[in-house]
Amino acid sequence: MNVLYTAEALSTGAGRDGRVATSDGSFALDLGIPREMGGSGAGTNPEQLFAAGYAACFHSALQAVARSQKVRLEDSSVGGRVQIGPNGEGGFQLSVLLEVVLPGIEKAQAEALAEAAHHVCPYSNATRGNIDVTITVSED
């Protein structure tokens with residue numbers, strides 16, 4: 001792979017109840033285990049970070065695909081949800097739900113753009129075959 005960029009972050013403290021920071025100092029966050037998982041809920045958690053990263057990356061891929069097809073997107077958005085639960089083997093697994101909103105684009109075309117973006121997005125390529133990813137196109 002021809003590396004274009006490397007992101008670097010460091011986790012300190014108690015993992016999910018610790019702190020993360022990037023090497024360039026662009027962000028540092030306190031982490032907290034979600035209440036639903038027995039924690040305080042005081043802080044961001046890895047699933048939120050993954051949801052935000054995947055949504056942003058997929059949105060960029062979607063816009064790139066639309067540009068390549070000469071489709072103009074206005075007020076588009078991608079919402080990301082990352083779910084975590086037991087995998088039945090003593091560990092945990094993730095699943096992802098992405099909701100694509102493309103105002104002014106007919107549903108069939110919006111679905112085709114989302115499918116094409118799913119093949120371009122590096123997060124989609126990294127997760128394909130590893131976790132369930134569901135992409136829906138909505139009107140709101």
Next item on the list: Provide the closest heavy-atom pair for Gly80 versus Ala51 in the form atom of the first, atom of the second, distance.
Entry: O-CB, 3.6 Å
Margin query: Nearest 0.5 angstrom please: Phe27 CZ to Thr22 OG1, how far?
Written below: 5.5 Å
Checklist line | Heavy-atom pair of closest approach, residues Ala110 and Ile105 | finding: N-CG2, 3.6 Å
Notebook entry, point to check: Near Arg81 CZ, under 6.0 Å, is it more than 12 heavy atoms from other residues, nucleotides or ligands?
Noted result: no
Checklist line | Aromatic ring pairing Tyr54/Tyr123, orientation class (parallel under 30°, perpendicular over 60°, tilted between) | finding: tilted
Check: Taking the side chain as C-beta and beyond, is there a heavy-atom pair between Arg128 and His119 under 4.5 Å?
Finding: yes
Next item on the list: Give the C-alpha distance, both sets of side-chain angles, the deciding distance and a yes or no for side chain to side chain contact (heavy atoms under 4.5 Å, CB included) between Asn45 and Ile33.
Entry: CA-CA 6 Å; Asn45 62 66; Ile33 298 172; over 6 Å; no
Notebook entry, point to check: Rounded to the nearest 0.5 Å, how far does CZ of Arg19 lie from CG of Leu31?
Noted result: 9.0 Å
Checklist line | Taking every non-hydrogen atom, the tightest pair across Val120 and Ala61 | finding: CG1-CB, 4.1 Å
Hey, can you pull the donor-acceptor pairs under 3.5 Å for the side chains in residues 132-139, sequence neighbours left out?
from   : atom 1 : to    : atom 2 : distance (Å)
Ser138 : OG     : Glu99 : OE2    : 2.7

Margin query: Set out, in order, the CA-CA distance, both residues' side-chain angles and the distance that settles side chain to side chain contact (heavy atoms under 4.5 Å, CB included) for Leu29 and Leu49, then state yes or no.
Written below: CA-CA 10 Å; Leu29 298 170; Leu49 295 171; 3.6 Å; yes
Item checked: Interatomic distance, Ser95 atom OG to Ile84 atom CD1 [nearest 0.5 angstrom] -> 10.0 Å
Notebook entry, point to check: Does any non-hydrogen side-chain atom of Leu113 lie less than 4.5 Å from one of Gln69?
Noted result: yes
Margin query: Membership question, hydrophobic clusters at under 4.5 Å side-chain separation (ILVMFWY): are Leu94 and Val78 in the same one?
Written below: yes
Notebook entry, point to check: Side chains of His59 and Ser76: donor-acceptor distance under 3.5 Å anywhere?
Noted result: yes
Next item on the list: With rounding to the nearest 0.5 Å, note down the distance linking NE2 in His118 to CG in Leu62.
Entry: 12.5 Å
Item checked: Approximate separation, where rounding is to 0.5 Å, of Phe50 CZ and Thr127 OG1 -> 6.0 Å
Notebook entry, point to check: Do Pro46 and Arg16 have side chains that get closer than 4.5 Å, going by heavy atoms?
Noted result: yes
Margin query: Tell me if a side-chain donor or acceptor on Asn130 pairs with a main-chain N or O of Ala126 at a distance below 3.5 Å.
Written below: yes
